[in-house]
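Here's the structure we're looking at; comments come further down.
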There are 2 protein chains.
Amino acid sequence: MIKNELSKPKQTFRNLTEEKRLRIENALVEEFAREGYRRASLNNVVKSLGIAKGSLYQYFDNKEAIFLFVFERFTRLVKSMVGKPSAADCRPDNFWRTVRRVWKAGIIFIDNYPAYYQLYLNALFEQDIPRREEIISRVRLFSMEFFGPLAAAARKRGGLRPDVPVPVVVFMIDAAMDRFLQSYARSYLDDGLELAAADRARAEAGMDTIIEALKNGLGGGQRSP
Amino acid sequence: MIKNELSKPKQTFRNLTEEKRLRIENALVEEFAREGYRRASLNNVVKSLGIAKGSLYQYFDNKEAIFLFVFERFTRLVKSMVGKPSAADCRPDNFWRTVRRVWKAGIIFIDNYPAYYQLYLNALFEQDIPRREEIISRVRLFSMEFFGPLAAAARKRGGLRPDVPVPVVVFMIDAAMDRFLQSYARSYLDDGLELAAADRARAEAGMDTIIEALKNGLGGGQRSP
DNA sequence: TGTTTATATGACTACCTGGTCACATGATAA
DNA sequence: TTATCATGTGACCAGGTAGTCATATAAACA
């Protein structure tokens, strides 16, 4: 995860009272989440906030800077919720427990910040997003950076199959987790798991089934040599 | 998969020569693939085609109808490439071979029709797409309809673990396949598998590793009871 | 030939966008 | 009080959009 700031609001913005700043930040997230980057309308935002268009440009340089600022808040939120691997996470025999912990953090994140999650989905698949590759890999690399070393350690200790390369392990966990969370967040993507209702208990049960299946495989009794 | 047509072009369009019709269809796919639905510009399309704006509206009712028409062509293409389960596909001990066949069909589809695949990705994640839920579930349900019965049969015969429900089996295969194909199609989504180069041979090798891992699990030697 | 019917055209409308700028407001300092 | 400076304002601009419609063209038919 690169430390550099993506975008800095003007001093004027930082001088605002926290209340007003948060009101503006929230309105911006909501708009970008609902409409994506390109279609998001700053006219809309200022209208809903009851401030003048010019004010927004006293706070930020342009639309791109606004988007990057909002996206950076998303990555900060994710990092603060998932954190770095703890000492317990690093014990190789805790590997699947750690997977479960991070996965659950994802569920909680969506419950707490649905708009920010939607913002991320939009960034993932919309074209012409400013510095798109950079901001997406900030999030995607996070997964590899987090799970990669843990998986490598677990594999060395025999907790993971030696014939599956670490990148494939991370890929599969990430793919299952991502798709699961997308289904959880957006009902019509639901694939028959019926997570739509956003019933946290049911979601966790589904998650556990999937993690077990990742660990033990889908195949029948006999293992290949 | 519902049979109803999503959108019908006007008679005028159907009266065109095949050459002109295809030229127009291709230009439309390219535009929607590159820009998504909302930002796609019909002005752009007619300019690049060298026809008049009015002509487009002689062929279709409006932008929505145009998009739905193009998307329907995508679903038709997918269906024609994957087809229905063959007799061989239905043999329970051929389950993983069938997974491999469909997965490979996905790779070939992306190689042959990259714009159509991009169109699908846009539809997946853009907001305010006409009849979005309907058209997405048309594609997603396809996976369940195709693999569901095969998985159920394989599970009954002991080819799949009895403690993993069929929807979970389909979910995991679909999630891995989808994410793999997304990485294959779009380099910056690559998660360390290095499929970016679109090297078909390497892609198939990666696919095989993932399928094996789906089948046998990521966990170490010992199985849970 | 003249007449009807189908298709092609592009100027036009109403509306939206991001961004600008001359000016208004209010607070602080001299 | 007056002067200075940060902040707030909204009319305005250039440029884009989807969609319309009167008119031109061409083809088919009488």
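Worth saying up front: this structure is predicted, and the values here are computed from it rather than measured. So that the names make sense, note that chain A is the first sequence line, chain B the second, and so on, each numbered from 1.
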Inset, instruction - For A:E31 and C:dG18, give me the distance from atom CD to atom C1', rounded to whole Å. - result: 13 Å

Legend entry - B:Q11 atom CD: more than 12 heavy-atom contacts under 6.0 Å: yes

Inset, instruction - Test the B:K8-B:F13 pair against the cation-pi criterion, namely NZ or CZ under 6.0 angstrom from the six-membered ring centroid and within 45° of the ring axis. - result: no

Inset, instruction - Flag the pair A:F67 / A:F60 as yes when their ring centroid distance falls below 6.0 Å, and as no otherwise. - result: no

Inset, instruction - Could you check how far CZ of A:F67 sits from P of C:dG19, rounded to whole Å? - result: 14 Å

Legend entry - Residues B:Y116 and B:R73: side-chain donor-acceptor under 3.5 angstrom: yes

Could you list the protein-to-nucleotides 13-17 of chain D atom pairs, N/O on both sides, closer than 3.5 Å?
residue: D:dT17; atom: OP1; partner: B:S41; partner atom: OG; Å: 2.5
residue: D:dT17; atom: OP2; partner: B:N43; partner atom: ND2; Å: 3.2

Inset, instruction - Report the distance from atom CD of A:E64 to atom C1' of C:dG19, rounded to the nearest whole Å. - result: 14 Å

Legend entry - Any donor-acceptor N or O pair under 3.5 Å, side chains A:S86, A:D89: yes

Legend entry - Contact state string [nucleotides 7-12 of chain D, B base, S sugar-phosphate only, - no protein heavy atom under 4.0 Å]: SBBB--

Donor-acceptor pairs are to be reported for all side-chain atoms of residues 44-57 of chain A against protein atoms at under 3.5 Å, with residues two or more places apart or in another chain.
residue: A:S48; atom: OG; partner: A:V45; partner atom: O; Å: 3.1
residue: A:K53; atom: NZ; partner: A:N43; partner atom: OD1; Å: 2.8

Legend entry - For atom CG of B:L28 and atom P of D:dA18, their distance in whole Å: 12 Å

Inset, instruction - Please report, rounded to the nearest Å, how far the P atom of C:dG19 is from the CG atom of A:D61. - result: 10 Å

Inset, instruction - Quickly work out the B:R14 CZ to C:dA6 C1' distance and round it to whole Å. - result: 15 Å

Inset, instruction - Could you tell me whether a side-chain N or O of B:K63 sits under 3.5 Å from a main-chain N or O of B:A40, the two making a donor and an acceptor? - result: yes

Inset, instruction - Classify the side-chain pair A:E30/A:N26 by whether it contains a donor and acceptor separated by less than 3.5 Å. - result: no

Inset, instruction - Round to a whole Å and report the spacing from NZ of A:K47 to P of C:dG18. - result: 12 Å

